[in-house]
Amino acid sequence: MKKILFSITLVTCSILISCGDPEPTAAEIMDLSIQAHGADLAANARMDFIFRGINYSVDRYDGQFAYERRFRQGDMDVLDRLDNNGFTRHFNDSLVVLNDTIAQRYQSSVNSVIYFAQLPYGLDGDAVNLKLIGTDSIMDSNYYEIQVTFKEEGGGEDHEDVFVYWIDTQDYLIDYMAYSYCEDDCGFRFRESVNRRNLNGITVQDYNNYKSNRQDPKLEDLDDAFEAGKLQLLSEIKTEFPDVKLHNK
């Protein structure tokens, strides 16, 4: 029933947009994308997956959340956990005391993997700034170009990162994205979504990860470089063996 209701809503919104109504706002487009991806369902669901050989899980229910990753380090089982109470690390079930810098680094790593695995979850948050750049076409499909930035307050450690999402004007799925970042170094990336799956209403997708040879490209122009074959494939971002369970409220 949820899928049927969403389909009716999406068709209705698409008809309204195409019948001469004012251009939709960036927030309206992102809301439709969140629904199209089933990211709204992720607010009360658990997802388990493997990324680069490490087991991850994200569990949310009624405003509570827990992000975990588990891996083997030497003869120890390591558990990193980020929840409403903060970040902790355990070695073989024993709590490890970390200095703030190391704890923040581990927390950011866990949060980053889950952020990309569940996009566009959270892109309707209070700390998110949305801007409709315009419309464009990639490989003969039409897209809304949405720029995403973050407020310093509530925007996390990487609030200065900038993203551009290409959202299909027909099905509102994110087929491409680009972003700039500054961590140990600074750079630009362009991602192409591949291997899209629907698990209990939530979309999971992998990405081909590209970089530009230009030192300071405009994010919104990276789609043109991609079409022209001027981007270098760096890696494949794979969310492996994903499993999704919805919580009944």
Any heavy-atom pair between the side chains of [Y] and [X] that's under 4.5 Å?
| X | Y | answer |
| --- | --- | --- |
| D224 | L222 | no |
| V78 | R72 | no |
| L130 | V148 | yes |

Distance alone, cut at 3.5 Å: any donor-acceptor contact between the side chains of [X] and [Y]?
| X | Y | result |
| --- | --- | --- |
| Y210 | R191 | no |
| R60 | Q118 | yes |
| R197 | T239 | no |

- Task: Run the numbers on Y121 and I34 for side chain to side chain contact (heavy atoms under 4.5 Å, CB included), then give the verdict.
- Result: CA-CA 6 Å; Y121 179 86; I34 287 171; over 6 Å; no
- Establish, for the pair R189 and F163, whether the NZ or CZ atom is under 6.0 angstrom from the six-membered ring centre and no further than 45 degrees off its axis. no
For [Y], is there an ion pair with [X] - N to carboxylate O distance below 4.0 angstrom?
| X | Y | result |
| --- | --- | --- |
| R196 | D175 | yes |
| R89 | D80 | yes |
| K238 | E236 | yes |

- Task: Keeping to residues at least two apart or across chains, list the salt bridge (charged side-chain N to carboxylate O under 4.0 Å, His left out) pairs with something in residues 30-53.
- Result: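 Every pair satisfying salt bridge (charged side-chain N to carboxylate O under 4.0 Å, His left out) with a residue in residues 30-53: R46-D48, R46-D59.
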- Task: Please collect all salt bridge (charged side-chain N to carboxylate O under 4.0 Å, His left out) contacts where either partner lies in residues 112-140, sequence neighbours excluded, each pair once.
- Result: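 As it turns out, there is no salt bridge (charged side-chain N to carboxylate O under 4.0 Å, His left out) pair with a partner in residues 112-140 once direct neighbours are skipped.
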- Query: Between N92 (side chain) and D77 (backbone), is there a donor-acceptor pair under 3.5 Å?
  - Reply: yes
- Item | Side-chain (H37) to main-chain (I174) donor-acceptor, under 3.5 angstrom | yes
- Atom OG in S137, atom CD in E227: separation rounded to 0.5 Å? 6.0 Å
- Query: Which distance, rounded to the nearest 0.5 Å, do you find between the CG of L231 and the CD of E192?
  - Reply: 10.0 Å
Tell me if the centroids of the rings in [X] and [Y] come within less than 6.0 Å of each other.
| X | Y | answer |
| --- | --- | --- |
| F226 | W166 | no |
| F65 | Y67 | yes |
| Y179 | F116 | yes |

- Query: Quick one: salt bridge (charged side-chain N to carboxylate O under 4.0 Å, His left out) partners of E145, sequence neighbours excluded?
  - Reply: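 Not a single residue meets the salt bridge (charged side-chain N to carboxylate O under 4.0 Å, His left out) criterion with E145.
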